[in-house]
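What follows is one structure encoded as structure tokens, with my remarks underneath.
These figures come from a predicted structure and were not determined experimentally. Values below: all heavy atoms of this structure, side chains included; hydrogens, waters and symmetry mates excluded.
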Amino acid sequence: GGRQHGPNVCAVQKVIGTNKKYFTNCKQWYQRKICGKSTVISYECCPGYEKVPGEKGCPAALPLSNLCETMGVVGSTTTQLYTDRTEKLRPEMEGPGSFTIFAPSNEAWSSLPAEVLDSLVGNVNIELLNALRYHMVDRRVLTDELKHGMTLTSMYQNSNIQIHHYPNGIVTVNCARLLKADHHATNGVVHLIDKVISTITNNIQQIIEIEDTFETLRAAVAASGLNTVLEGDGQFTLLAPTNEAFEKIPAETLNRILGDPEALRDLLNNHILKSAMCAEAIVAGMSMETLGGTTLEVGCSGDKLTINGKAVISNKDILATNGVIHFIDELLIPDSAKTLLELAGESGVSTAIDILKQAGLDTHLSGKEQLTFLAPLNSVFKDGVPRIDAQMKTLLLNHMVKEQLASKYLYSGQTLDTLGGKKLRVFVYRNSLCIENSCIAAHDKRGRFGTLFTMDRMLTPPMGTVMDVLKGDNRFSMLVAAIQSAGLMEILNREGVYTVFAPTNEAFQAMPPEELNKLLANAKELTNILKYHIGDEILVSGGIGALVRLKSLQGDKLEVSSKNNVVSVNKEPVAETDIMATNGVVYAINTVLQPPANRPQERGDELADSALEIFKQASAYSRAAQRSVRLAPVYQRLLERMKH
């Protein structure tokens, strides 16, 4: 707080452009912004102290005066005035005993509706007296005693006052904020608050039953059996949807939810926070847990409360004996009450949904089937949308898995049955989870019956073995012949897990002819080189990360890397990725890869070191050479050596 400004100095944080002030002690320091608005900080004497000319801070303690005068000191002259107007209250306050008064600020009184103020001031000895007594407790209560969720007994018919003490240091009394706390008086203590408070008689359920605007909510609560919670003990916040909020929802969606007890309960639980949250306690965004276990972002913008960033609260701080109600005019439908179609509509996969609609398959996503839809991101279709034919329809059905999955339970080697009749394989990598060639690109969205997996590409389920793939593609005819003569056909036809870097005809033709003929004539050498093109596990492109070293059947490792969506093997870019087979995956490449032993430049580190040494000598010689032509022939010889 204001310690560097001298003793007993308190900081005041004022919200620019409003008359809102936060008086802070050092325990509770606020954000530099309150509800997104900037603040200025000034310093003043803490309650009960004053300045002394020529000295730092506020060293002098003020003599205590009685409660009535203390209200004047705190800036609650209206409360002081009204206390005098009632015949009984001042004598009572000045009599024996010690009291706490939560005194509304002058602004609090002046902002009351005129008719309320008139009825109080028009009947000072009953209405006004009762109202003021409700602000009083018949003992001294300081803020360190004000605990979250406690109730104090007021001096009006022993009615309860609700106290909330929030983690950010804000204290509320029936949702009115404590502005200045702990002003001591000879016969008690005064706390300045920002609203006039009134008695609380109904629980949340009773308020829902009284208010006209909760007609639909009333029916929904009754149908779900949640009324027992809302009339029970506890301190809840109900974000209560008005009739208008329900009207904004398409009728079929609303009727579906109202007719499905589980979805309805999830919907309503998503509107109930586990603790009572007064509007004044929110100075910045915070995550709050609902009864349904979901979280909502509760925040504020200026003087408006926001939920998930939207200002949907139309009426705030309606107090109940078991919590607080805020009216909201938009329904907060949780994922768990939505169909797959509704979930997908808001998840960046709308193109996939359009394609399904064109194919007449979207009904699968709005029914009660337990499904997981593997939905490609919109960006997958940036170059155009596939034509819908019978084959495409089957492929789309293969994007629907016959059970409601959660990605956290997927395991390597798992197979998933689709509506199209395929079995899809799950591959788990260090930084990705993939189903066939397609990897999960976002968190699951779990709906009422179906779950949405957002995928980074269209699935291409396998049609046959690696051998079938190679034989069925005329780019690979030379490779197929080489595999046959090396006797590797049987391996690539049987069950297994292989990653095959398949040189195209172009790759073989790029070799010098005599080298190619020599290779094809030497079965042992040919087998060795072909085995170097086969990795011993399935690595789809989405599982590569930056760099993976894949062990080949020949024994040496292949360096597979991926950068900006380009996959390379041993630094050579791959021509086509992820051609799926039942026993592996094929990558087309345009060069024949050479195992390290066949690469002259890689006879280990000593060669690299000697090359570096030669290079250093050469640089030194080149400097010398500029000085002396005598050394030129030596320099020339060194360069020759480097070339070899």
Can you name the salt bridge (Lys or Arg N to Asp or Glu O under 4.0 Å) partners of Asp212, sequence neighbours left out? none
Is any side-chain N of the basic residue among Asp473 and Arg475 closer than 4.0 Å to the acidic one's carboxylate O? yes
Contacts of Glu515 meeting side chain to side chain contact (heavy atoms under 4.5 Å, CB included) (sequence neighbours excluded), chain-then-number -> Met511, Pro512
Hey, are Asp354 and Lys357 close enough for a salt bridge, meaning a charged N less than 4.0 Å from a carboxylate O? no
Tell me whether Arg218 is salt-bridged to Glu209, with the criterion being a basic N under 4.0 Å from an acidic carboxylate O. no
Asp578: salt bridge (Lys or Arg N to Asp or Glu O under 4.0 Å) partners, not counting sequence neighbours: Arg457
Has Asn493 got a side-chain atom pairing as donor or acceptor with Met467's backbone, closer than 3.5 angstrom? no
Partners of Phe246 by side chain to side chain contact (heavy atoms under 4.5 Å, CB included), sequence neighbours excluded? Thr216, Leu217, Pro241, Leu254, Leu331
Got a donor-acceptor contact below 3.5 angstrom from the Ser552 side chain to the Gln554 backbone? yes
Does Thr290 have any side chain to side chain donor-acceptor pair (under 3.5 Å) partners at least two apart in sequence or in another chain, and if so, which? Thr294
Keeping the roles fixed (side chain from Asp536, backbone from Leu553), state whether a donor-acceptor pair exists under 3.5 Å. no
Set of salt bridge (Lys or Arg N to Asp or Glu O under 4.0 Å) partners for Arg425, sequence neighbours left out: Glu436
Centroid separation under 6.0 Å, is that true for the rings of Tyr532 and Phe501? no
